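Scroll down for the structure; my scribbles are underneath it.
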Amino acid sequence: MGERKMKATVFKSQAATTTKQIYDDPFKTLYEDDIIQPPYNLTELKAIGEYSTILQQCIEAYKVNIFGFGFTPKYLFDYSAQDTNADMRSRADREWTQLEEFIRYLNYDEEVEIILGHALEDREKMGNGYVEILRDGLNRPAGMEYVDGQYVRVCKKTVPEEVEYTITKNGQPKKIKRWRTFRKFVQMINGKKVYFKEYGDPRIMNLTNGKFDESTPENLRATEIIHFKIGSGTYGVPRWIGHIVHLYGARKAEELNYMYFKQGRHVPAVITIQNGMLSEESYTKLQEYMNDIEGVENAHKFLVLEAEGLTEEKDDGESLTPVKVEIKSLAEVLQQDALFLEYDQKSRDKIRSSFRLPPLYTGESQDYNKATADTARKVTEEQVFQPERNNIVGKLNTLFLPDLDIFTVQLTLKGPNFGDPLETANALTPFINAGAAVPNDLRDLLGQVLGKELEALPDEYNVPFPVVLNSLPQQSNPLALLTKSKEPPGQSELINILKDLRDVLEEVRS
């Protein structure tokens with residue numbers, strides 16, 4: 001008898017399931033100059049939201065809750081204080097209008113919230129977001145354009161430059177000078193480079209080569225860039241970068257589930273052949289079967305295997321051993337519906353936690369009621385969104401307001417109002433009865449209830465309600481009878497009091 005041998009062959013589908021994209025860096029030959037190489041591939045980070053089932057929702061939640069309520073000016077002093085003079089109020093009113101118009105016309109095609117929202121999305125994906133600032137003939141900021149961060153690189157700091165700043169001292173503007181270093185930025189698209197300077201750099205730069213040259217023509221002068229980043233490094237780092245392996249793992253799990261359902265009729269199995277071997281034709285057919293396994297048109301096919309027995313020497317001559325072919329299913333190692341569901345859920349939770357967002361903000365609110373939803377919203381507003389708004393408007397106010405000669409108002413980003421006007425009105429009732437509130441204190445709340453804006457009342461009507469009642473004559477003040485009487489009034493006496501009260505109200509109305 002000849003020597004028996006065992007041979008194992010693995011059959012699998014030859015379909016490719018991995019991306020063939022190449023994230024080429026157009027700056028890869030330029031990092032030896034002044035251009036600094038980023039720590040991560042920005043093009044890959046820019047597109048990574050398309051591969052995640054949770055990242056884009058978190059970024060959209062940031063955009064909506066930070067910029068979705070809009071900008072509004074705010075006074076830097078107590079406008080209604082008695083010691084505020086008329087000139088101060090007049091100047092504040094002019095600067096309020098100037099700041100409103102500045103924000104309104106900062107971009108003629110989009111709202112400024114949309115432009116900054118694009119930069120915020122880049123910042124959350126890549127760690128870096130950029131906007132370009134254009135100046136008018138008076139050298140004041142007058143326009144804002146979005147700059148795609150995946151094509152921008154940061155350059156090394158330049159030599160220190162003495163810069164003039166305007167500050168307020170004792171309420172009055174004052175000019176000071178200080179030394180400061182600036183950075184340059186370079187953008188490359190389709191092999192063409194354009195240089196920008198950092199906002200506030202007073203020097204004239206040539207946008208074609210990044211050199212400071214006073215003789216640069218007007219059409220070749222570089223504009224300015226404002227860099228929004230996460231962290232204190234040269235480049236920002238995405239807040240979710242520690243979970244990037246988990247993000248890619250969840251993507252691979254999704255692809256595995258997809259291929260499982262796409263090739264759903266295939267069941268993992270082991271084909272064992274005893275005392276024989278597959279014929280060449282059967283081997284070829286089995287490989288073709290695996291390659292054509294996907295698609296509904298290939299469902300419900302039968303697999304026929306042909307095996308040849310081994311030659312066995314006996315006393316009476318040679319004979320073929322009986323062949324036994326057995327297919328053993330491995331389906332028990334698979335789940336019933338999909339694989340790695342718990343892994344995917346953990347990945348979503350980890351990435352959402354890096355943004356410090358509750359599931360309510362990403363559309364996963366099955367387990368919330370009104371009380372838990374309000375608590376989640378208030379905590380997130382206090383710990384996440386309001387600090388982010390303060391950081392952004394703080395940067396814009398620091399950069400823009402001195403150049404606009406605005407010192408009495410500043411920009412703010414509005415946030416949501418979690419209060420219920422009716423509940424607030426009930427809470428204010430004791431303060432109104434005690435005379436601690438005047439009508440103008442309540443006009444805004446009344447406007448919310450009525451759904452319209454109400455103007456402030458004149459000073460002669462802006463008096464607490466108990467003061468108005470006490471100023472009425474005793475004989476025409478029926479409420480005084482109720483407060484002074486120790487015994488409860490009878491029915492006839494109460495009717496007379498109500499009639500007197502009606503007469504008093506009619507006199508006040510007239």
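For the numbers below, each heavy atom of this structure counts, side chains included, while hydrogens, waters and symmetry mates do not. Please read these numbers as outputs of a predicted model, since none were measured by experiment.
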*Salt-bridge present (Glu255, Arg251; N to O < 4.0 Å)*: yes
*Side-chain heavy atoms of Leu404 within contact of Pro141, under 4.5 Å*: yes
_I need the single residue from Lys395, Arg239, Lys63, Arg356 that forms a salt bridge (Lys or Arg N to Asp or Glu O under 4.0 Å) with Glu388. Which is it?_
Arg239
*Distance-only donor-acceptor check, side chains Thr223 and Arg135, under 3.5 Å*: no
*asked:* As a quick check of understanding, evaluate salt bridge (charged side-chain N to carboxylate O under 4.0 Å, His left out) for Arg91 and Asp87, giving each step before the final call.
replied: CA-CA 6 Å; Arg91 176 180 177 178; Asp87 293 339; over 6 Å; no
*Is Asp201 salt-bridged to Arg203, cutoff N-O under 4.0 Å?*
yes
*Does Arg153 count as lying over the ring of Phe185, i.e. NZ or CZ under 6.0 Å from the six-ring centre, within 45 degrees of the axis?*
no
*asked:* Taking the six-membered ring for Trp, are Tyr62 and Phe355 closer than 6.0 Å centroid to centroid?
replied: yes
*asked:* Less than 4.0 angstrom from a charged side-chain N to a carboxylate O is my criterion; do Lys346 and Asp349 meet it?
replied: no
_Against Tyr165, only a single residue in Lys174, Arg180, Lys177 fulfils side chain to side chain donor-acceptor pair (under 3.5 Å); can you say which?_
Arg180
*Atom CZ in Phe182, atom CD in Glu161: separation rounded to 0.5 Å?*
7.5 Å
*Any side-chain donor paired with an acceptor under 3.5 Å for Asp93 and Ser90?*
no
*Would you please say whether a donor-acceptor pair under 3.5 Å links the side chains of Lys175 and Thr166?*
yes
*Testing Lys350, Arg348, Gln345 for side chain to side chain contact (heavy atoms under 4.5 Å, CB included) with Ile54, which one passes?*
Arg348
*asked:* Within the 3.5 Å criterion, strictly below it, is a donor on Gln172 or Asn170 matched to an acceptor on the partner's side chain?
replied: no
*Is Arg104 salt-bridged to Glu101, going by a charged N under 4.0 Å from an acidic O?*
no
_Plane angle bin for Tyr79 and Phe77 - parallel if under 30°, tilted between 30 and 60°, otherwise perpendicular_ = tilted
*Side-chain donor-acceptor pair under 3.5 Å between Asp122 and Tyr146, yes or no?*
yes
*What do you reckon, are the aromatic ring centroids of Tyr199 and His227 less than 6.0 Å apart?*
no
*Compute the centroid of each ring, for Phe71 and then for Phe102, and state whether the two points are separated by less than 6.0 Å.*
no
*Please determine which of Glu50, Lys125, Glu124 meets the side chain to side chain donor-acceptor pair (under 3.5 Å) test together with Gln56.*
Lys125
*Hey, do the aromatic rings of Tyr235 and Tyr40 have their centres closer than 6.0 Å?*
no
